[in-house]
Chemist: 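Quick one: this structure, given as structure tokens, is what I'll be asking you about.
Read the numbers this way: they start at 1 and go in the same order the structure lists the ligands and their atoms.
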Amino acid sequence: MNIAVIGTGYVGLVTGVALSEIGHTVTCIDVDPKKIAKLNQGIPTIYEPGLSEMMLNNQQRGRLHFTDQHRVGLADADVVYLAVGTPQRADGSADLQYIEQAALDVAGHIRRSAIIVIKSTVPVGTNLRIKQLMLDHLHPGVTIRIASNPEFLREGSAIHDTFHGDRIIIGTEDKDTASVLESMNKPFGIPVIKTDIASSEMIKYASNAFLATKISFINEIANLCEKLGANVEEVAKGMGLDHRIGSSFLRAGIGYGGSCFPKDTNALVQLAGNHHHDFNLLKSVIEVNNHQRRLLIEKMLGRFGSLTGKKVAVLGLAFKPNTDDLRESPALVLIPELARLGAEIVCYDPIAADQGTKWINVSAQYTENVADALKDADCALIITDWPDIKRMDPKTYGRLMRQAIVFDGRNCYSIPQARAARMEYYSIGRPDVVPEISK
Ligand SMILES: NC(=O)C1=CN([C@@H]2O[C@H](COP(=O)(O)OP(=O)(O)OC[C@H]3O[C@@H](n4cnc5c(N)ncnc54)[C@H](O)[C@@H]3O)[C@@H](O)[C@H]2O)C=CC1
Ligand SMILES: O=C(O)[C@H]1O[C@H](OP(=O)(O)OP(=O)(O)OC[C@H]2O[C@@H](n3ccc(=O)[nH]c3=O)[C@H](O)[C@@H]2O)[C@H](O)[C@@H](O)[C@@H]1O
């Protein structure tokens, strides 16, 4: 089929590349000419394992194209995906200006009837409003059908998730549209759930809200474990083996970040409020997460009294490993707070350092490797559990730092490992490790 994808961000680009990989002819359209120029040179604009090769391969086969010209990109499209951002407004609700503009752009340029698929995460009711908006602006004779097809990929494993997802959700007003989209997605070999549009829109928010709830729940248990002398990792393992609970999303840490959990939980609270429903549970999930992000600073102040003039090695900036995305990363809260407290900050991230220099507006040094960041530091603060940080011999801290004092927001090392390395080690939901010599 001929497909157009509007928006070449994390979701649009991966969707376009994946649909071309299963044999469709895809044109991705973006309003950012710089992104399009880079993509046309075969260079991905985001970091995702496996994306670069797959993209280049499909471009060379002539199945994947990029343009900033809607007229060109929409010329042959049978199906048009809208995959632009739906960020958070100041009041927490979803900002729909980009998707509305994208819909108007399509309506203004499309000259043939097509199915419009909304992939962006949008509040319940948005698909039908977008349809009406487009109907008001279409050229005479052009008809559209609308479908909701929310995305469940995770950044850092986006290609893997797209080909091995648990389900594909298709919400439509009519069975024909659902059948067309089901057969289009068949080569992915993933179960397709066909439903109505409102339920499809809600499945996306409910899924993200539930995963965020699991994380805040285990973080609260972790905080209690610290007070009671239990180890949250043992607790999570013991809970997760119950298949009704499941072991995923039970990793305690410095809270969830990223472009979606924070914004989607807030948007759902807002949506509920607009319908006179006070979503207290989800409000608590958000509150717990906000507090969790600051926990390690409290621990650092507890240990040092003051951070003025202390050299802090910050390991990891991205909101999770394998991505260069800094959106809502705990780093954006923690680094400015360290600066406010007078610390000297040296940051390391294997992929997201460039983004760090753009997003973090406080004075900080950026290094190319972990060793340079750790050299002569008074303490280390682990924000992202990058594989090279996790795999590092914990004795490295002692070899390079003034004192091996590590505040670990991702529980990268086991307690026995920390003890063996003679580190002073503060993690989440586990006993502190304080060697005799440091007491
Ligand atoms: N990032 C993620 O992992 C996931 C995101 N989502 C949802 O997918 C949607 C897109 O998210 P991201 O890909 O992260 O956004 P993004 O911000 O990375 O990309 C959006 C892209 O759309 C382009 N754009 C904006 N207006 C346009 C227009 N009128 N015409 C053409 N292009 C336009 C921008 O230039 C940008 O390249 C959001 O609703 C998000 O909640 C859903 C699942 C996963
Ligand atoms: O709607 C979205 O954008 C996406 O949001 C999340 O994906 P993503 O944000 O890319 O990454 P996750 O792996 O879910 O991690 C989110 C945050 O939770 C944190 N997390 C995750 C799992 C866990 O056990 N503990 C924990 O603190 C991560 O460190 C990270 O900061 C969902 O997992 C995807 O299904 C969804 O499509």
Side-chain angles (χ1 to χ4, degrees), residues 4-16 28-36 39 45-46 48 66-70 73 80-88 94-106 108-109 118-123 126 149-158 161-162 165-167 204-205 207-212 214-219 222 232 236 240 246-265 267 289 292-293 316 318-323 325 327-331 383-385 409-411 428:
V5 180
I6 312 293
T8 60
Y10 285 86
V11 168
L13 182 57
V14 171
T15 301
C28 297
I29 305 170
D30 203 290
V31 284
D32 184 342
K34 281 196 204 126
K35 279 193 184 179
I36 294 299
L39 293 165
T45 41
I46 53 168
E48 272 299 330
F66 297 98
T67 179
D68 57 2
Q69 302 297 312
H70 285 78
V80 181
Y81 282 77
L82 301 186
V84 299
T86 48
Q88 190 175 317
D95 183 348
L96 301 177
Q97 63 169 304
Y98 303 102
I99 190 135
E100 285 168 0
Q101 186 55 52
L104 287 173
D105 293 344
V106 173
H109 289 95
I118 299 198
K119 211 165 221 335
S120 302
T121 303
V122 290
T126 306
N149 171 219
E151 179 55 61
F152 299 98
L153 65 79
R154 291 162 302 171
E155 287 181 26
S157 52
D161 291 352
T162 305
D166 295 318
R167 76 300 204 192
K204 175 64 195 173
Y205 277 104
S207 302
N208 272 3
F210 188 75
L211 293 170
K214 267 186 113 174
I215 298 172
S216 277
F217 182 86
I218 200 65
N219 282 338
V232 72
S247 58
S248 59
F249 282 74
L250 283 185
R251 266 183 300 112
I254 41 172
Y256 58 77
S259 65
C260 289
F261 284 174
K263 89 170 164 67
D264 292 347
T265 45
N289 197 57
Q292 200 69 15
R293 289 180 174 192
F319 80 97
K320 60 181 279 193
N322 294 323
T323 177
D325 198 349
R327 290 180 286 184
E328 291 286 334
S329 167
I383 293 184
T384 319
D385 43 348
R410 299 296 183 180
N411 291 355
I428 306 286

Chemist: Which ligand 2 atoms, with their elements, are less than 4.0 angstrom from a heavy-atom of Glu151?
Modeler: 37 (O)
Chemist: Within the 4.0 Å heavy-atom shell around Ala102, which atoms of ligand 1 are there?
Modeler: 29 (N)
Chemist: Does even one non-hydrogen atom of Thr121 get within less than 4.0 Å of ligand 2?
Modeler: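 Contact absent.
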Chemist: Check each heavy atom of Pro150 against ligand 1 and say whether those closer than 4.0 Å belong to the side chain, the backbone, both or neither.
Modeler: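 The answer is neither.
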Chemist: Is the ring pair His70/His109 parallel, tilted or perpendicular, if the boundaries are 30 and 60 degrees?
Modeler: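 Parallel: the ring planes of His70 and His109 meet at under 30°.
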Chemist: Would you mind checking which non-hydrogen protein atom is closest to atom 38 (C) of ligand 1, with the distance to 0.1 Å?
Modeler: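 So the nearest neighbour among protein heavy atoms is Thr86 OG1, 3.5 Å.
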Chemist: Within the 4.0 Å heavy-atom shell around Glu155, which atoms of ligand 1 are there?
Modeler: 1 (N), 2 (C), 3 (O)
Chemist: Among protein heavy atoms, which lies nearest atom 7 (C) of ligand 1, and at what distance?
Modeler: Thr121 OG1, 3.5 Å
Chemist: So, does Gly257 sit close enough to ligand 2 that a heavy atom of it is under 4.0 Å from the ligand?
Modeler: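 Distance cut 4.0 Å: Gly257 passes for ligand 2.
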Chemist: Given Tyr205, Phe261, Tyr10, which has its nearest heavy atom closest to atom 6 (C) of ligand 2?
Modeler: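 Residue with the shortest heavy-atom distance to the ligand atom: Phe261.
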Chemist: At under 4.0 Å between heavy atoms, which part of Ile29 makes contact with ligand 1: side chain, backbone, both or neither?
Modeler: backbone
Chemist: Nearest non-hydrogen atom to atom 10 (O) of ligand 2 belongs to which of Lys214, Arg251, Glu155?
Modeler: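 Result: the heavy atom closest to atom 10 (O) of ligand 2 is in Glu155.
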Chemist: Provide, to 0.1 Å, the distance between atom 17 (O) of ligand 1 and the closest protein heavy atom, together with that atom's residue and name.
Modeler: Arg327 NH1, 3.5 Å
Chemist: If you count the atoms of ligand 1 from 1 in the order shown, which ones are under 4.0 Å from a heavy atom of Ile6?
Modeler: 30 (N), 31 (C)
Chemist: Below 4.0 Å, non-hydrogen atoms only: which portion of Val84 touches ligand 1? Side chain, backbone, both or neither.
Modeler: both
Chemist: Answer with side chain, backbone, both or neither: which part of Lys34 has a heavy atom less than 4.0 angstrom from an atom of ligand 1?
Modeler: neither
Chemist: In terms of side-chain geometry, is the basic nitrogen of Arg251 or Asp385 positioned less than 4.0 Å from the acidic oxygen of its partner?
Modeler: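 Between Asp385 and Arg251 there is a salt bridge, with a charged N closer than 4.0 Å to a carboxylate O.
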Chemist: If hydrogens are left out, which of Lys35, Glu151, Lys263 has an atom nearest to atom 40 (C) of ligand 1, that is, the closest non-hydrogen atom?
Modeler: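 Answer by nearest heavy atom: Lys263.
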Chemist: For atom 29 (N) of ligand 1, which protein heavy atom lies nearest, and how many Å away is it?
Modeler: Asp105 OD2, 3.1 Å
Chemist: What are the atoms of ligand 1, with element, lying closer than 4.0 Å to any heavy atom of Val11?
Modeler: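 That gives atoms 2 (C), 4 (C), 5 (C), 6 (N), 8 (O), 13 (O), 42 (C), 43 (C), 44 (C) of ligand 1.
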Chemist: Which residue supplies the protein heavy atom nearest to atom 23 (C) of ligand 1, what is that atom called, and how far is it?
Modeler: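 Checked against all protein heavy atoms, atom 23 (C) of ligand 1 sits closest to Asp30 OD2, 3.2 Å.
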Chemist: Suppose I only count heavy atoms of Lys320 and a 4.0 Å limit; which atoms of ligand 2 are within that range?
Modeler: 10 (O), 11 (O), 12 (P), 13 (O)
Chemist: Considering the heavy atoms of Arg410, write down every atom of ligand 2 situated less than 4.0 Å from one of them.
Modeler: 27 (O), 29 (O)
Chemist: With heavy-atom distances below 4.0 Å as the criterion, list the atoms of ligand 2 near Cys260.
Modeler: 1 (O), 2 (C), 3 (O), 5 (O)
Chemist: Of the side chain and backbone of Ser259, name the one, both, or neither that has a heavy atom under 4.0 Å from an atom of ligand 1.
Modeler: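 The side chain, only.
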Chemist: Is Arg154 in polar range of ligand 1, meaning some N or O pair under 3.5 Å apart?
Modeler: no
Chemist: With a 4.0 Å cut-off on N to O distance, would you call Arg154 and Glu48 a salt bridge?
Modeler: no
Chemist: Decide whether a cation-pi geometry holds between Arg327 and Phe319; the criteria are a distance under 6.0 Å from NZ or CZ to the six-membered ring centre and an angle within 45° of the ring axis.
Modeler: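 No - Arg327 does not lie over the ring of Phe319 by the 6.0 Å and 45° rule.
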Chemist: When you compare ligand 1 with Lys119, is there at least one nitrogen or oxygen pair between them that comes in under 3.5 angstrom?
Modeler: no
Chemist: On a heavy-atom basis, I'd like to know which of Ile215, Asn411, Asn208 is closest to atom 26 (C) of ligand 2.
Modeler: Ile215
Chemist: In ligand 2, which numbered atoms sit nearer than 4.0 Å to a non-hydrogen atom of Lys204?
Modeler: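 Counting atoms of ligand 2 from 1, those under 4.0 Å from Lys204 are 1 (O), 2 (C), 36 (C), 37 (O).
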